[in-house]
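All ligand and atom numbering here is 1-based and tracks the order in the structure.
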Amino acid sequence: MPKESTRPEHVAIIMDGNGRWAQMRGRPRLFGHAAGARRVKEIVRACPDLGVRYLTIFAFSTENWKRTQTEVAGLMRLFKRYIRREAQALFDENVRVRFIGDRVRLEPALVDLMDGLELMTAGNSGTNLTIALNYGGRDEVTRAARRLAHDVAMGKLDPREVSDETFPRYLDTHVLPDPDLVIRTSGEARISNFLLWQSAYAEYEFIDTLWPDFSPEVFAQVIGRFGQRERRFGAVMA
Ligand code: FPP
């Protein structure tokens, strides 16, 4: 049944525009990513007041490896630094952190930090922050299908039980509700392989603001607009 709530419980964000933000200031792209990381902090903090229980952010896609070696290495350094510096504050603010995406290609030092932060915040009951790192929607669905096929081959799952209720249990997001609202910053109107299965009924907001300029005030405005939308989930409302 459609949810009555006018506030999105789960907001997912494609944080785009860091490079252009830096370029406009005559600075290297990594300067924009560092500014973007500071915004992440503020946006996570804004969630409780806005009623957002789940926040999922797209930090690095399976396609982002195609960027220059300097940019990829800089981003990996930034993720490690973010986890080291923010772990205690996230814990104190009752944030529960999870990571989605394929960890196999990530360097072990980063994976250790990710595991540590997940473990450290596992008992927290406030905002659920999910960071998509080396994440791609098709890759996630493919990995899920592989695990499901394995369970069928092992006799753990009857093929007749495969349905749109059982399949998502194999996705990285299996413990999360589907997103109600997906926001993409920087004026691009694409979903770029983000939460493909999960966003089937999500509302989308494509806004011109570049991610480093996405303030808590802009976030609150977007959430406010969501409240004015009528969500039908394929049904006809009386
Ligand atoms: C897209 O902007 C942004 C990324 C690929 C990286 C997102 C990373 C952050 C916001 C930084 C840190 C995140 C965490 C979780 C600490 P772009 O570089 O494609 O921008 P452009 O389209 O203007 O070039």
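Side-chain N or O atoms of W211 include one that pairs as donor or acceptor with a backbone N or O of G36 at under 3.5 Å. With R96 contributing its side chain and A122 its backbone, the two residues share a donor-acceptor pair below 3.5 Å. The closest donor-acceptor contact from the side chain of R7 to the backbone of L50 lies under 3.5 Å. Judged by distance alone, the side chain of R39 and the main-chain N or O of A34 form no donor-acceptor pair under 3.5 Å.
Around OH of Y201, the count of heavy atoms belonging to other residues, nucleotides or ligands within 6.0 Å does not exceed 12. Counting non-hydrogen atoms of neighbouring residues, nucleotides and ligands closer than 6.0 angstrom, the CZ atom of R225 exceeds 12 such neighbours.
Considering backbone and side-chain N/O of N64, none are found under 3.5 Å from N/O of ligand 1. Ligand 1 has no N or O atom lying under 3.5 Å from any N or O atom of W211, backbone or side chain. Residue-to-ligand polar distances keep Y82 apart from ligand 1: every N/O pair is separated by 3.5 Å or more. The shortest N or O to N or O distance between R29 and ligand 1 is below 3.5 Å. Polar contact with ligand 1: present for G19 (N/O pair, distance under 3.5 Å). For ligand 1, the polar-atom distance check finds an N/O of G17 within less than 3.5 Å of one of the ligand's N/O atoms.
K80 has no carboxylate O lying under 4.0 Å from a charged side-chain N of E86, or vice versa, which leaves the two without a salt bridge. The existence of a salt bridge linking R45 and D49 is excluded, since no basic side-chain nitrogen approaches an acidic carboxylate oxygen closer than 4.0 Å.
Looking at F60 against ligand 1, nothing comes within 4.0 Å, counting heavy atoms. For L210, no heavy-atom contact with ligand 1 is shorter than 4.0 Å. Under 4.0 Å from ligand 1, the heavy atoms of R67 that appear belong solely to its side chain.
Scanning all protein heavy atoms for the shortest distance to atom 9 (C) of ligand 1 gives N18 ND2, 3.6 Å. Counting protein heavy atoms only, atom 13 (C) of ligand 1 is closest to F79 CE2, 3.8 Å. Nearest to atom 11 (C) of ligand 1 among the protein's heavy atoms is H33 O, 3.4 Å.
Contact atoms of ligand 1 toward A37: 11 (C), 12 (C), 16 (C) (distance under 4.0 Å to a heavy atom of the residue). The ligand atoms of ligand 1 that sit less than 4.0 angstrom from a heavy atom of A59 are 6 (C), 7 (C), 8 (C). Listed by number with element, the atoms of ligand 1 under 4.0 angstrom from any heavy atom of M15 are 1 (C), 2 (O), 3 (C), 10 (C).
Checked against side-chain contact (heavy atoms from CB on, under 4.5 Å), N94 has the following partners two or more places apart in sequence or in another chain: N124, S125.
Cluster note: L176 groups with Y54, V175 through ILVMFWY side-chain heavy atoms spaced under 4.5 Å, whether in direct contact or through intervening members.
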